[in-house]
Amino acid sequence: MDESSGIIKEIKEKVKDLRAKGFNLYPSGFRRDITVEEVVRRFGKMDNDELKEIPNNFTMAGRVMSIRDFGKAVFIHIKDGTGKLQAYIRRNRVGDDNFEIFKFIDIGDHVGLKGQFFRTKTNELTLLASSVVLLTKAQCPLPEKYHGLVDVEIRYRQRYLDLIVNDNVRHTFILRSRIIQTIREFFDKEGFIEVETPMMQSIPGGATARPFKTYHQSLGIDLYLRVAPELYLKRLVVGGLEKIYELNRNFRNEGISTNHNPEFTMLEFYVAYATYEDLMDLTEELLLYLLKKLFGQLTIKYQGNLIDFKTPWPRISLTDSLKDIGGIGENVLFDNKALRDFAKSKGIELEDNEESGRVLAKLFDHIVEPKLIQPTFIIDHPIQVSPLSRRKDDNSEIAERFELYIGGKEIANAFSELNDPDDQRDRFLKQARLRDAGDEEALFMDEDYIKALEYGLPPTAGEGVGIDRLVMVLTDSPSIRDVILFPQMRKK
RNA sequence: GGGCCGUUAGCUCAGUCAGGUAGAGCAGCGGACUUUUAAUCCGUUGGUCGCGCGUUCGAUUCGCGCACGGCCCA
């Protein structure tokens, strides 16, 4: 910020002046005994006569959001973490000395107030102050009161301003917190335990994605920020932790968009002696639990679409979805050359000799995914794009896998886990060949993980849920940056 | 990575098409006002027009490049 700009310079001079006069602009130790929310709850329905009957004085604190000055009396609005309340400060009530000091207080300052409640002529519940104190002097002006803060760059870089001024933003992040809290409640209720596995991994695994790399000085080794906790969680299932979940950050060194942030929050959970079909049921239960708990209903609006979570949700195979939703004929779907030509005609980039399974997945992302507005399970993915999934017993080219789509976004990805160590080694070797051929997203060989499988991973199903995207859907947010407090930005 | 759009006062925005160093509202400052709430009324301060180079007598305006942001595409 330009320190020499007019308004900030004026405030700094005022601060200097007040300090010279001996005012403590940052006093400690003020305590409140009631919040705005509590005031509204306790007194919101009382009329003036009832309010007069309350004998106590109350002490409140908040940030000054507006000032309407009448000379010998002033109305202000203060905002605390729970809401906004009007206060009325009258010279003959607080006394001349206090009133003079109060006149130094500006919009943006934190104040402490003592007083009782009454209703104004326009029936607004208001604190009639008997004293006011400055708690914190603001040295930068707040954004304008009417239009608020619109500039998205400032909103993201200085999120605190966004939170002060834009109530809907505050509500989004409060709801985010409640969603995460409710998810934990659900898994706890279902008998899961929450675990924490390494964020710094010497072999990054569990997802096809490019990792961030770092270096540990005293060990002298490269480490990677995890792209997924998956392989560690499955090691825990080998260890006999049969129902586990982890809800924390992943890091992927990839592009930034309305649906991608380099660090994002992922829920992963694993259930021993279960299949991907069991997890579809459990996923429906989880979402219904969230919807009922948070909204008390099973429909929400997302970006103009009404989304109905009533179960059961359709379970459509990936190839059927390409046929029925994507409108692609069987003659194209099941003919490698025709399929490749079709994909290219849609502007999709393909590697030389890219396998049909991978082409199908790319076509799906491009054509079908944006159309899946209502909750939909897409099942039975090609094995080539599912290197950690179990094969179907009756079709070795298809994985026991599903992805959940809502609002045109991939929300969850799950499968029956591949627990055959020899098959897993073959899949890793294939991934290693892709990596050698230049695919930076391909999986690394992880012998230590295979060793864990050799001790015996029971038949297990696991799932990952993109929490940020889920929060986007549940808070009607168009961009992932609207649900991450400090989204990644370029250095200014 | 490519295309398009944006960047003007603390904030929200005009102005730039047709080059002559900028306006409004809110905020700020001074004053009036003891039930206002986008308070009102009178007066008033505030800008290296994102940065750099070029064209020009003269650039916020035109051209090129860069930075940051947004949307779309890959």
Side-chain angles (χ1 to χ4, degrees), chain A residues 1-15 17 48 51 63-79 83-96 99 102-109 115-129 137-162 164-166 254-260 303 343-351 362-363 365-367 369-370 408 440 477-482 487-492:
Chain A
M1 187 165 293
D2 183 4
E3 292 292 313
S4 66
S5 71
I7 191 165
I8 290 165
K9 204 172 165 187
E10 274 179 33
I11 297 174
K12 303 267 180 202
E13 275 164 17
K14 185 172 185 175
V15 163
D17 183 50
N48 249 331
L51 289 169
R63 188 189 290 273
V64 177
M65 298 305 290
S66 62
I67 297 177
R68 290 176 294 284
D69 190 339
F70 287 81
K72 295 188 181 66
V74 182
F75 287 96
I76 65 175
H77 267 106
I78 61 160
K79 194 179 201 176
K84 213 161 149 181
L85 189 79
Q86 181 169 259
Y88 186 42
I89 296 101
R90 249 173 27 190
R91 174 169 220 136
N92 64 1
R93 181 110 190 165
V94 300
D96 289 350
F99 197 72
F102 165 70
K103 286 280 185 159
F104 295 128
I105 286 168
D106 295 299
I107 291 172
D109 294 352
Q116 292 172 305
F117 299 99
F118 77 111
R119 284 187 183 279
T120 63
K121 279 179 182 168
T122 53
N123 207 37
E124 179 161 345
L125 185 63
T126 299
L127 176 76
L128 179 61
K137 187 75 200 159
Q139 299 200 26
C140 282
L142 288 183
E144 195 226 348
K145 61 183 171 184
Y146 188 57
H147 296 93
L149 182 65
V150 175
D151 185 325
V152 287
E153 190 169 351
I154 303 178
R155 287 185 46 222
Y156 298 151
R157 288 188 196 274
Q158 295 174 266
R159 182 69 89 178
Y160 48 91
L161 290 179
D162 199 21
I164 291 168
V165 171
N166 295 326
E254 292 165 356
I256 296 175
S257 76
T258 44
N259 282 313
H260 297 86
Q303 300 297 294
K344 282 180 184 162
S345 77
K346 291 287 171 187
I348 296 169
E349 274 181 36
L350 299 179
E351 304 293 324
K362 284 183 176 179
L363 265 176
D365 290 349
H366 198 255
I367 293 172
E369 174 169 342
E440 290 191 77
S477 301
S479 168
I480 198 167
R481 299 181 198 99
D482 296 326
Q488 197 60 49
M489 302 286 274
R490 271 174 219 277
K491 213 173 145 191
K492 187 137 178 151

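Note that the structure is predicted; figures quoted are calculated from it, not measured. Within every chain, numbering begins at 1; the chains are lettered A, B, ... in the order of the sequence lines, protein sequences first and strands thereafter. Computation of the quantities below employed the complete heavy-atom set of this structure, encompassing side-chain atoms and omitting hydrogens, waters and symmetry-equivalent molecules.
The separation of B:rC33 from B:rG23, taken at their P atoms, amounts to 33 Å, rounded to a whole angstrom. B:rG54 sits 31 Å from B:rC71 when the C1' atoms are compared, rounded to a whole Å. For B:rU8 and B:rG25, the C1' atoms lie 15 Å apart once the distance is rounded to whole Å. Spacing between B:rG47 and B:rU21 at atom C1', rounded to whole Å, works out to 11 Å. B:rU12 and B:rU45 have their P atoms separated by 24 Å, with the value rounded to a whole Å. Using P as the reference atom, B:rC29 and B:rG19 are 41 Å apart when rounded to the nearest Å. Spacing of P atoms, B:rG70 relative to B:rG10, comes out at 22 Å, to the nearest Å. Rounded to whole Å, the P atom of B:rG3 lies 43 Å from the corresponding atom of B:rG46.
Below 30°, between 30° and 60°, or above 60°: for A:Phe118 and A:Tyr88 the angle between ring planes is between 30° and 60°, a tilted geometry.
With RNA chain B read from its 5' end, the first of the two nearest nucleotides for A:Pro143 and A:Val152 is the one closest to A:Pro143. Toward the 5′ end of RNA chain B lies the nearest nucleotide of A:Ile154, the other residue of the pair A:Arg490 and A:Ile154 mapping further downstream.
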Stepwise side chain to side chain contact (heavy atoms under 4.5 Å, CB included) test for A:Arg481 and A:Val152: CA-CA 10 Å; A:Arg481 299 181 198 99; A:Val152 287; over 6 Å; no

Trace of the side chain to side chain contact (heavy atoms under 4.5 Å, CB included) decision for A:Lys14 with A:Asp106: CA-CA 11 Å; A:Lys14 185 172 185 175; A:Asp106 295 299; 2.7 Å; yes

Side chain to side chain contact (heavy atoms under 4.5 Å, CB included) between A:Tyr156 and A:Asp482, intermediate numbers included: CA-CA 9 Å; A:Tyr156 298 151; A:Asp482 296 326; 3.2 Å; yes

Pair A:Arg68-A:Ile76, side chain to side chain contact (heavy atoms under 4.5 Å, CB included): steps then yes or no: CA-CA 6 Å; A:Arg68 290 176 294 284; A:Ile76 65 175; over 6 Å; no

Which atoms of nucleotides 28-31 of chain B (N or O only) lie under 3.5 Å from a protein N or O atom, and what are those distances?
residue: B:rG28; atom: O2'; partner: A:Glu10; partner atom: OE1; Å: 2.2
residue: B:rC29; atom: OP1; partner: A:Lys14; partner atom: NZ; Å: 3.2

Within the sub-3.5 Å range, which N or O atoms of nucleotides 32-36 of chain B have a protein N or O partner, and how far apart are they?
residue: B:rC33; atom: N3; partner: A:Asp69; partner atom: O; Å: 3.1
residue: B:rC33; atom: N4; partner: A:Gly71; partner atom: N; Å: 3.2
residue: B:rU34; atom: OP2; partner: A:Phe70; partner atom: O; Å: 3.3
residue: B:rU34; atom: O2; partner: A:Arg90; partner atom: NE; Å: 3.4
residue: B:rU34; atom: N3; partner: A:Asn92; partner atom: ND2; Å: 3.4
residue: B:rU34; atom: O4; partner: A:Asn92; partner atom: ND2; Å: 3.0
residue: B:rU35; atom: O2'; partner: A:Lys121; partner atom: NZ; Å: 3.2
residue: B:rU35; atom: O2; partner: A:Lys121; partner atom: N; Å: 2.7
residue: B:rU36; atom: O2; partner: A:Arg68; partner atom: NE; Å: 2.6
residue: B:rU36; atom: O2; partner: A:Arg68; partner atom: NH2; Å: 3.1
residue: B:rU36; atom: O2; partner: A:Gln86; partner atom: OE1; Å: 3.2
residue: B:rU36; atom: N3; partner: A:Gln86; partner atom: OE1; Å: 2.7
residue: B:rU36; atom: N3; partner: A:Gln86; partner atom: NE2; Å: 3.0
residue: B:rU36; atom: O4; partner: A:Gln86; partner atom: NE2; Å: 2.5
residue: B:rU36; atom: O4; partner: A:Thr120; partner atom: OG1; Å: 2.8

Atom pairs, N/O to N/O, protein against nucleotides 71-74 of chain B, distance under 3.5 Å?
residue: B:rC71; atom: OP2; partner: A:Arg481; partner atom: NH1; Å: 3.3
residue: B:rA74; atom: OP1; partner: A:His366; partner atom: NE2; Å: 2.8
residue: B:rA74; atom: O3'; partner: A:Gly347; partner atom: O; Å: 3.2
residue: B:rA74; atom: O2'; partner: A:Glu349; partner atom: OE2; Å: 2.9

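Contact between A:Leu149 and A:Val165 at its shortest, heavy atoms only, is N-CG1, 3.7 Å.
Atom NZ of A:Lys103 has more than 12 neighbouring heavy atoms from other residues, nucleotides or ligands inside a 6.0 Å radius. Around CD of A:Glu351, the count of heavy atoms belonging to other residues, nucleotides or ligands within 6.0 Å does not exceed 12.
Side-chain contact between A:Val74 and A:Phe99: present, with at least one pair of heavy atoms (C-beta onward) separated by less than 4.5 Å.
Within the 4.0 Å cut-off from OP1 or OP2 of B:rG69, at least one side-chain nitrogen or oxygen of A:Arg157 is found.
Put simply, the side chain of A:Arg119 never gets that close to the backbone of A:Glu124: no donor and acceptor are under 3.5 Å apart. Checking side-chain atoms of A:Glu144 against main-chain N and O of A:His147 turns up a donor-acceptor pair under 3.5 Å.
Salt-bridge formation is not detected for the pair A:Lys362/A:Asp365: no Lys NZ or Arg NE/NH1/NH2 atom is positioned less than 4.0 Å from an Asp or Glu carboxylate oxygen.
Nucleotide B:rU60 is matched to nothing when pairs are restricted to Watson-Crick or G-U wobble geometry with both distances under 3.5 angstrom. For B:rG46, there is no paired base (Watson-Crick or G-U wobble, both distances below 3.5 Å). Under the Watson-Crick or G-U wobble criterion, with both distances below 3.5 Å, B:rC51 is paired with B:rG65. Base pairing annotation: B:rG1 forms a Watson-Crick or G-U wobble pair with B:rC73, both donor-acceptor distances under 3.5 Å. Across the strands present, B:rA18 finds no partner; the criterion is a Watson-Crick or G-U wobble pair with both atom distances under 3.5 angstrom. As the counterpart of B:rA32, B:rU40 is assigned, both hydrogen-bonding distances of the Watson-Crick or G-U wobble pattern falling under 3.5 Å. Remark: B:rG10 base-pairs with B:rC26. Criterion, Watson-Crick or G-U wobble with two distances under 3.5 Å.
Using a 4.0 Å heavy-atom cutoff across all strands shown, A:Gly255 reaches no nucleic acid atom at all.
If you measure from atom CD of A:Gln158 to atom C1' of B:rC11, you get 12 Å, rounded to the nearest angstrom.
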